[in-house]
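Have a look at the structure below before the remarks.
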Amino acid sequence: MDTLKSLLEEMEQEAQTTEKMLSRIPDDKYQWKPHPKSMTIEQLSTHIAELPTWVSLTLHTDGLDFATVPYEPKKVSGTADLMKLFEDSLADGYSNLQKADVSTFDKIWTLRNGEQILNQRTKAEVIRMTYCQIVHHRAQLGVYLRLLDIPIPGSYGPSADEQGF
């Protein structure tokens, strides 16, 4: 299977699971967090919803410097807004990936904070890292939901909630 086809299929598969997870967040829990060092559900879920746009960012730039482009998360007022943000982010990432010039996949992309290099990989590796970030933060959100006694959807098979445990 070629790299582009593989990346598109993986994006579609992870998007389905991510959509199920994000849709479970109750509107009254967006300011909740499990620990003072943790993000709120709003911060975490917004980050998850925005991550597909990193595919486009990776394809159209040579890197990102947090010193010159600080992260400013979108604001959502509830799950309907969150789902719209995810839908728009996913459409952006997917459409840009569909049109990607695969000859650029081996070019180096750099994540930095001023002079400090945080990560340097090929564009194809950064796209995969973006998917891994979605899965990682989605798992964090699953813990948040579990602590709030909200049923968890399955990711790669049925969850304990779906099996009736």
Side-chain angles (χ1 to χ4, degrees), residues 4-61 63-66 68-100 109 111 118-119 123 126-165:
L4 180 58
K5 183 177 179 186
S6 177
L7 289 170
L8 286 165
E9 286 181 7
E10 186 174 6
M11 185 179 235
E12 284 182 52
Q13 291 167 356
E14 293 304 334
Q16 292 172 16
T17 304
T18 302
E19 183 178 13
K20 287 189 290 185
M21 186 71 77
L22 293 175
S23 71
R24 302 279 173 110
I25 303 170
D27 285 339
D28 66 340
K29 299 297 183 194
Y30 274 79
Q31 297 312 307
W32 187 86
K33 60 183 178 178
H35 187 274
K37 292 182 181 179
S38 299
M39 290 185 270
T40 64
I41 285 181
E42 179 182 12
Q43 292 166 320
L44 180 59
S45 63
T46 300
H47 182 53
I48 294 166
E50 290 177 326
L51 276 167
T53 64
W54 275 60
V55 172
S56 304
L57 176 70
T58 302
L59 292 169
H60 298 294
T61 66
L64 174 62
D65 185 351
F66 288 127
T68 59
V69 183
Y71 175 62
E72 293 184 30
K74 304 274 188 201
K75 290 289 184 188
V76 296
S77 62
T79 304
D81 281 353
L82 178 68
M83 298 310 294
K84 176 73 169 119
L85 174 62
F86 179 64
E87 178 184 308
D88 292 347
S89 297
L90 183 61
D92 175 75
Y94 194 82
S95 68
N96 278 279
L97 187 56
Q98 283 181 309
K99 297 180 273 187
W109 193 89
L111 181 64
L118 304 171
N119 199 302
K123 289 185 177 207
V126 173
I127 292 168
R128 284 280 300 113
M129 182 181 67
T130 299
Y131 297 171
C132 292
Q133 281 291 302
I134 292 169
V135 171
H136 163 74
H137 290 303
R138 193 176 68 209
Q140 286 180 298
L141 180 59
V143 172
Y144 283 34
L145 296 177
R146 174 66 73 221
L147 291 170
L148 291 168
D149 202 26
I150 297 166
I152 308 296
S155 292
Y156 304 108
S159 71
D161 295 308
E162 292 170 331
Q163 291 181 332
F165 294 116

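Note: hydrogens, waters and symmetry copies are ignored here, and every other heavy atom, side chains too, is used. Positions are given from 1 along the sequence.
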Which atoms form the tightest heavy-atom contact between G93 and V55, and what is the distance? O-CG1, 3.7 Å
Interatomic distance, CD1@I134 vs OG1@T130, rounded to 0.5 Å, equals 7.0 Å
Answer yes if the side chains of H136 and Q133 hold a donor-acceptor pair under 3.5 Å, and no otherwise. no
Sub-4.5 Å side-chain heavy-atom contact between Y144 and P34: yes
All heavy atoms of G154 vs all of T17, minimum pair found to be O-CG2, 3.9 Å
Please examine the side chains of L145 and M21, heavy atoms only from C-beta on, and report whether any two atoms are closer than 4.5 Å. yes
With distance as the sole criterion, is a donor-acceptor pair present between the side chains of Q43 and H47 under 3.5 Å? no
Minimum heavy-atom separation for T18 and R138, please, with both atom names. OG1-NH1, 2.9 Å
So does D88 get a backbone contact from the side chain of D92, meaning a donor-acceptor N/O pair under 3.5 Å? no
Spatial distance of atom NZ (K99) from atom CG (L59) [nearest 0.5 Å]: 10.5 Å
D81 vs K75, test: side-chain contact (heavy atoms from CB on, under 4.5 Å). Steps then yes/no. CA-CA 9 Å; D81 281 353; K75 290 289 184 188; over 6 Å; no
In Å, rounded to the nearest 0.5 Å, how long is the span from CD of E10 to CD1 of I127? 10.5 Å
Less than 4.5 Å apart, side chain to side chain, heavy atoms only: is that true for Y156 and V135? yes
Rounded to the nearest 0.5 Å, what separation is found between the NE2 atom of H35 and the CG atom of L147? 12.0 Å
Please evaluate residues F86 and V76 with respect to the criterion side-chain contact (heavy atoms from CB on, under 4.5 Å), reporting the C-alpha separation (whole Å), side-chain torsions for both, the decisive distance (0.1 Å), and the verdict. CA-CA 11 Å; F86 179 64; V76 296; over 6 Å; no
Less than 4.0 Å between a side-chain N and a carboxylate O, is that true for R146 and D161? yes
Smallest heavy-atom separation, L4 atom then L97 atom, equals CD1-O, 3.1 Å
Stepwise side-chain contact (heavy atoms from CB on, under 4.5 Å) check, L90 with E19: CA-CA 10 Å; L90 183 61; E19 183 178 13; over 6 Å; no
Check whether any side-chain heavy atom of K33 sits under 4.5 Å from a side-chain heavy atom of M39, and report yes or no. no
d(T79 OG1, D27 CG) to nearest 0.5 Å is 4.5 Å
Could you walk me through whether Y30 and T40 pass the side-chain contact (heavy atoms from CB on, under 4.5 Å) check? CA-CA 7 Å; Y30 274 79; T40 64; over 6 Å; no
Note: W109 and L57 closest approach over all heavy atoms is NE1-O, 3.8 Å
Donor-acceptor pair, distance only, cut-off 3.5 Å: does the side chain of T58 make one with the backbone of V126? no
Can you tell me how far CE of M83 sits from CD1 of I25, rounded to the nearest 0.5 angstrom? 8.5 Å
Just by distance, do the side chain of E50 and the backbone of K74 share a donor-acceptor pair under 3.5 Å? yes
For S45 and L82, the nearest pair of non-hydrogen atoms, with its separation, is O-CD1, 3.5 Å
Under 3.5 Å donor-acceptor, S89 side chain and T53 backbone: no
Would you say the side-chain atoms of E162 pair up with the backbone N or O of S159, donor to acceptor, closer than 3.5 Å? yes
